[in-house]
Amino acid sequence: NPPHPYYAGSDGPGTFPYITVTQRWPSILRGVMADMKAAAQQESSEKAKEGEHIADQVELMLQEELLKDAPLRYFHGKTWMTAGWLWTECYMYRRIHHLLLISTHWMDFDPFFTKKTSNFEGNKEQILQLSNKITKAVDSNGDSRILFHEFASTCLWGNSHDLSLLATMTESEAARQKSSGNNLKEQERLIVVNHLDQSWLAIERTKKGRIDFVCDNAGFEQFVDLIFADWLVSSNHASEVHFHLKTYGWFVSDTTLPDFHWLLEHCRANEYNFPELTQLAERWKSYIEKGVWKVRTHPFWTTGYSYWSIQSEAPDLYDDLRSSSHIFFKGDLNFRKLTYDCKWPTTTPFVQAIGPLSQDFPPITVLRTNKADVIVGLTDKIQKAEYPENMQLFFSALALDNSRKLNH
Ligand code: F6P
Ligand code: MG
């Protein structure tokens, strides 16, 4: 059990978990139904029929279970509202996947794939600018500290490109969300706690180490993760980078293996007629071929468990991660799982909130734009004066790191 009460839909009207259960999840399920039906229509008879059937099953789950706040199947006593938000949200994506998995023709279908690829296409200008920037950084002998901050911050703001929130955002909110990260200087003041200096001290000492990314969203966010990883390799801090991805469509936009390779191929294809991008993608491909970059999946990432349970639930993954020199966790869901998604006092130190991972585990940096209530690591000053509630969600970010604690 978490050390504090967990967030749940039953926190009541006006809370973000409540809005999530009553509005955002229904809207995400409707999106899945629509995309499933559209995909089914492209298919011939038997497959089309099965696709329609899956869409109907999703509709049943929405109408008869979620909207009626029925008890969760397979779990006694808890409903969609009363079970922990983190657990229930993971359960919903697992249920969608289960419907696909037991089918004959749709087991590999990702109902979110089209959304993810169009997210990448929609950010062409920034992608070209970043290709230029990394090409220059790799070719020149720039100040490593400054480059680390630039690429890590770009990587952080890439997390604002998650698609699970778009389901219920207004147009202006979506535009504002998308523009975050366009101007790093301006965005810096929106980082409520910024430990990147601390993170840099740990990375600076890491020479040809293994650095891990527990990735989040596909498309633009994946692109900025790769840019950052590219810099870590070219600056000799990493000789290996391991990317941890999801095994199926998860929280709408999370990166799966097909998404990862789609992006590489798309960049290599030179559709944008931009040689820097093509060269970059060629280099990335060679990193994968030579094993400098390793793309990995593990079923643990698509469970509802908090990362406090990683050692007991996925001992092989836990042991493997312990060989890393530094782990970057990307995004909101990873933050929620690291901190057990429970009601910590907001000034709780990050090292405390990650529980067992604060010991006998590599240094962790989490790069997260805030999209859920749980928050830790705030100073008293920010807590009282500078952190109005409406800033907590959506347009602020956190870059928390525990390496200083580990070194002492
Ligand atoms: O509530 C917002 C939300 O959908 C959360 O459910 C989830 O934690 C998050 O957004 C997904 O965001 P990210 O892609 O950053 O993990
Ligand atoms: Mg995500």
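Counting starts at 1 for both ligands and their atoms, following the listed order. Predicted model only: the values in this text are computed from it and were never measured. For this chain, numbers begin at 1 and follow the sequence in order.
Using bins of under 30°, 30° to 60° and over 60° for the plane-to-plane angle, the ring pair F148/F328 lands in the tilted bin.
Nearest to atom 2 (C) of ligand 1 by heavy-atom distance, out of K371, K330, R368, is K371.
Residue-ligand proximity: R24 is placed with a non-hydrogen atom under 4.0 Å from ligand 1. The shell of residues lying under 4.0 angstrom from ligand 1, judged by heavy atoms, includes F16.
In summary, no N, O or S atom of S253 is located under 2.8 Å from the Mg ion (ligand 2). Here D254 meets the criterion, with an N, O or S atom under 2.8 Å of the Mg ion (ligand 2). The Mg ion (ligand 2) lies under 2.8 Å from an N, O or S atom belonging to D216.
Only the side chain of W85 comes within 4.0 Å of ligand 1, judged by heavy-atom distances. If you look at N217 next to ligand 1, the close heavy atoms, those under 4.0 Å, all belong to the side chain. In D332, the parts holding a heavy atom less than 4.0 Å from any atom of ligand 1 are both the side chain and the backbone. Contact annotation: for R336 versus ligand 1, heavy atoms closer than 4.0 Å belong to the side chain alone.
Remark: aromatic rings of Y18 and W85 are distant, center separation not under 6.0 Å. You'll find the ring centres of F112 and W250 outside the 6.0 Å limit. Ring centroids of F243 and F260 are separated by less than 6.0 Å, placing the two rings close together.
Checked for salt-bridge contact, R336 and D341 meet the test: a charged N lies under 4.0 Å from a carboxylate O. The residues K330 and E221 are annotated as salt-bridged, a charged nitrogen and a carboxylate oxygen being separated by less than 4.0 angstrom. E150 and K133 are joined by a salt bridge, as a carboxylate oxygen and a charged side-chain nitrogen come within less than 4.0 angstrom of each other. Using a 4.0 Å cut-off between charged nitrogen and carboxylate oxygen, K285 and E282 do not count as a salt-bridge pair.
The contact set between ligand 1 and N159, taken as ligand atoms under 4.0 Å from a residue heavy atom, comprises 15 (O). Residue G331 approaches ligand 1 through these ligand atoms, each under 4.0 Å from one of its heavy atoms: 15 (O). The distance from ligand 1 to the heavy atoms of E89 drops below 4.0 Å at these ligand atoms: 4 (O), 5 (C), 6 (O).
At under 3.5 Å, not a single nitrogen or oxygen of S253, backbone or side chain, sits near a nitrogen or oxygen of ligand 1. Checked against a 3.5 angstrom limit, the closest N/O atoms of A372 and ligand 1 fall outside it.
H97 pairs with exactly one of F109, Y248, W106 by the ring-ring contact (aromatic ring centres under 6.0 Å, His included) rule, that one being Y248. When each of Y340, F329, F361, F335 is tested with Y307 by the rule ring-ring contact (aromatic ring centres under 6.0 Å, His included), just one qualifies, namely F329.
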